[in-house]
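As structure tokens, the structure follows; a few thoughts come after it.
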Protein chains: 2
Amino acid sequence: MDSHESFNVFVQNCPSREIMQRLGDKWTPLVLLGLAGGPLRFSELRQRIGSVTPKVLTSTLRTLERDGLVQRTVFAQVPVRVDYELTEVGHSLLGPMETLRKWSENHASKVLKARDEFDARD
Amino acid sequence: MDSHESFNVFVQNCPSREIMQRLGDKWTPLVLLGLAGGPLRFSELRQRIGSVTPKVLTSTLRTLERDGLVQRTVFAQVPVRVDYELTEVGHSLLGPMETLRKWSENHASKVLKARDEFDARD
DNA sequence: CGGGATCCAAAACGATACTG
DNA sequence: CAGTATCGTTTTGGATCCCG
């Protein structure tokens, strides 16, 4: 691995900091998790995620492609077919994303309750 | 746990979805990780994170407090002392956040390289 | 010291319509 | 089908100053 290069998210201007901040983009986790089961077409992915506009999905995918997490493959057919799938590096993020997902689903009710209590104060 | 309540991040309007999206707020991971070692005062936390303005740090902390992840304690002194620390629920997020952090630091050079190659194309 | 208040810039997100 | 173009809105982040 690259641990010898000593990236540190607490250091301002360290690339790893910006990378971590990007992983939290509103749609990034859902896209990554959506592709967990294998390649999907644009419209399939869109359906799977739901309520994401084409423009936003496109830009999210572009960023992920640029960062080497997702691979885009165009099949020269009529009509065209475009597949998106996780790269190996993208796959290595699946674990962390799954963890985040599970945490969110398992703690949702606690968080909701905390909000109610907080809002009830004052 | 609450898994029987069947929250699902892929379901539109499911609270868990919004909660997961919130975990990726630009500063949330850094704040949580910053508090990993124990309670910190506002200014200590700010120094630790670096380059975050008071306004933004305040609002991030408020949200985390509202969601029950962070506890805010005011000591009636002159001058005032305010401590922030993780709650138990907040602690349970430390693992996932650490994972994200390590991933970012370990894969930073790969991502950077992928970007270069992507930008070199066309 | 720990912010709140104000104002502003920029980015992210979204709705809609349209095209190769 | 897989987007792009355009436009507008919303959200987020930042700079600066001030106050208890």
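Remember, predicted model here, so these are calculated numbers, not experimental data. Residue numbers start from 1 in every chain, and the chains themselves are labelled A, B, ... in the order their sequence lines are given, proteins ahead of strands. Note that these values count all heavy atoms, side chains included, but never hydrogens, waters or copies made by symmetry.
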For the atom pair [atom1] ([X]) and [atom2] ([Y]), what is the distance rounded to the nearest 0.5 Å?
X: A:L93; Y: A:E88; atom1: CG; atom2: CD; answer: 12.5 Å
X: B:L64; Y: B:L32; atom1: CG; atom2: CG; answer: 6.0 Å
X: A:L33; Y: A:R48; atom1: CG; atom2: CZ; answer: 9.0 Å
X: A:R41; Y: A:R81; atom1: CZ; atom2: CZ; answer: 4.5 Å
X: A:T60; Y: A:E65; atom1: OG1; atom2: CD; answer: 12.5 Å
X: B:I19; Y: A:E105; atom1: CD1; atom2: CD; answer: 10.0 Å

When you measure from every atom of DNA chain C, which of [range] have a heavy atom less than 4.0 Å away?
range: residues 10-34 of chain A; answer: A:K26, A:W27
range: residues 40-67 of chain A; answer: A:T53, A:K55, A:V56
range: residues 69-76 of chain B; answer: B:R72

Check your understanding: salt bridge (charged side-chain N to carboxylate O under 4.0 Å, His left out) between B:R22 and B:E18: does it pass, once the steps are laid out?
Key -> CA-CA 6 Å; B:R22 233 165 230 290; B:E18 179 253 3; 2.8 Å; yes
Check your understanding: Going 5' to 3' on DNA chain D, which nucleotide is the first and which the last to come under 4.0 Å of a heavy atom in chain A?
Key -> D:dC1 to D:dC7
Review point. When you measure from the side chain of B:S104 to the backbone N and O of B:L100, does any donor-acceptor pair fall under 3.5 Å?
Key: yes
Check your understanding: With distance as the sole test, does A:D67 use its side chain to make a donor-acceptor pair with the main-chain N or O of A:L69 at under 3.5 Å?
Key -> no
Check your understanding: Is there a chain of hydrophobic side chains (I, L, V, M, F, W, Y, each step under 4.5 Å between heavy atoms) that links B:L45 to A:V11?
Key -> no
Exercise for review: Could you note down all residue pairs passing ring-ring contact (aromatic ring centres under 6.0 Å, His included) where residues 52-91 of chain A supplies at least one of them, sequence neighbours left out?
Suggested key: none
Review point. What pairs with B:S92 under side-chain contact (heavy atoms from CB on, under 4.5 Å), at least two apart in sequence or on another chain?
Key: A:W103, A:H107, B:V89
